[in-house]
Amino acid sequence: MDSPEVTFTLAYVVFAVCFVFTPTEFHSAGLTVQNLLSGWLGSEDAAFVPYHVRRTAATLLCHSLLPLGYYVGMCFAASEKRLYSPSQAPETWRVFLLLALTLPTIACTLIYYWSRDRWAHHPLARTLAHYAFPQSGWRAVASSVDTEFRRIDKFATGAPGARVIVTDTWVMKVTTYRVHVAQQQDVHLTVTESQQHDLSPDSNLPVQLLTIRVASANPAVPAFDIRTWRRASAACRTGPA
């Protein structure tokens, strides 16, 4: 490949990786799905569950469009390949274009399925439905989660989009594409891994990194992992896995 192709490819790979994993610099610049679509997503503090239902759907769609964005960019960076006319493009690029179009198509189909019945098929809604009373639905449970999240006494740690949150009733883990939820009274905590480190990041004390499995007594609720670190002379702090 000539220089413009190499330069664009390297730049786009760096951008795509940073857009997906969102380092601090991207958060500060506002180059995140949460910031770019803040008008549609609404406020997390006002409505935690609806916010993350929309956020996970938007994140999935935006990330699925990244390969197509690369192809469009290469139409300008490598104009001699005639990528703007797929019938004249090299076979390798035609296959890549097919893949780039397939990913957002699958994402849109999945999001459409999730959004049916007012998002009742979304993974978060389906998890909350397991905690609903027979005469109510998942939205009643979501309202309870929203209320507890607005309280100032909740515990939350981790970067936006990758956090562990503990309220009076719920243990939640927020990831890029999913929000894991479990009711405290139903969970079993199991240490699945322990790593010993000589020094912690912010002190000169030895530190132990624990991976804890959070499993609900309800087998229909997916289990998830959180990570905690414990210093030799301090209590545990919790962080996302």
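If you're wondering where the values come from, they're calculated on a predicted model, not measured in any experiment. The first residue in the sequence is number 1, and the count goes up from there.
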Out of curiosity, does Phe76 fall in the hydrophobic cluster containing Leu83 (side-chain heavy atoms, cut-off under 4.5 Å, transitive links)?
-> no

Taking atom CZ of Arg94 as the centre, report whether more than 12 heavy atoms of other residues, nucleotides or ligands fall under 6.0 Å from it.
-> yes

If you round to the nearest 0.5 Å, how far is CZ of Phe149 from OG of Ser144?
-> 14.0 Å

Could you tell me whether the side chain of Thr22 and the main chain of His27 form a donor-acceptor pair under 3.5 Å?
-> no

Lys81 versus Cys75: any side-chain heavy-atom pair under 4.5 Å?
-> no

First locate atom CZ of Arg227, then atom NZ of Lys173, and finally report the distance between them rounded to the nearest 0.5 Å.
-> 9.0 Å

Any chance you could measure Gln195, atom CD, to Leu209, atom CG, to the nearest 0.5 Å?
-> 5.0 Å

same_hphob_cluster(Leu189, Leu210) at 4.5 Å side-chain heavy-atom cutoff | yes

Under the side-chain hydrogen bond (donor to acceptor under 3.5 Å, both in side chains) test, residues paired with Thr190 that sit two or more places apart | none

If Ile, Leu, Val, Met, Phe, Trp and Tyr residues are connected whenever their side-chain heavy atoms lie under 4.5 Å apart, and connections chain through other members, are Tyr112 and Ile106 in the same group?
-> no

Ile226 reachable from Val191 in the ILVMFWY side-chain graph, under 4.5 Å edges = yes

Gap between atom OG of Ser115 and atom NE2 of His121 - 0.5 Å precision = 9.0 Å

Indicate yes or no for a side-chain donor-acceptor contact from Thr7 to the backbone of Ser3 under 3.5 Å, with no hydrogens or angles considered.
-> yes

Is Arg82 atom CZ crowded by more than 12 heavy atoms from other residues, nucleotides or ligands, each under 6.0 Å away?
-> no

Are the side chain of Gln184 and the backbone of Thr167 linked by a donor-acceptor contact shorter than 3.5 Å?
-> yes

Paired with Leu101, the side-chain contact (heavy atoms from CB on, under 4.5 Å) test is passed by just one of Leu98, Leu97, Leu103, Leu99, namely Leu97

Is a side-chain N or O of Thr59 found less than 3.5 angstrom from the main chain of Thr56, in a donor-acceptor match?
-> no

Ring pair (Phe, Tyr, Trp, His ring centres under 6.0 Å) evaluation trace for Trp40 with Tyr51 | CA-CA 9 Å; Trp40 179 68; Tyr51 174 87; 9.7 Å; no

How about Arg126: does its CZ atom have over 12 heavy atoms from other parts shown lying under 6.0 Å from it?
-> no

Does Leu36 belong to the same Ile/Leu/Val/Met/Phe/Trp/Tyr cluster as Leu41, with side-chain heavy atoms less than 4.5 Å apart forming each link?
-> yes

For Asp146 and Phe48, indicate whether the former's side chain and the latter's backbone hold a donor-acceptor pair under 3.5 Å.
-> yes

Any ion pair linking Asp168 and Arg151 (charged N to carboxylate O, less than 4.0 Å)?
-> yes

According to the interplanar angle, ranging from 0 to 90°, do the rings of Tyr12 and Phe15 count as parallel (below 30°), tilted (30 to 60°) or perpendicular (above 60°)?
-> tilted

Short question: side chain of Arg139, backbone of Ala125 - any donor-acceptor pair under 3.5 Å?
-> no

Would you say Phe155 and Ile165 make side-chain contact, with heavy atoms under 4.5 Å?
-> no

When the ring centroid of Tyr70 is compared with that of Phe8, is the distance short of 6.0 Å?
-> yes

Would you give the length of the straight line joining atom CH2 of Trp114 to atom OG1 of Thr109, rounded to the nearest 0.5 angstrom?
-> 12.0 Å

Gap between atom NE2 of His63 and atom CZ of Phe19 - 0.5 Å precision = 5.0 Å

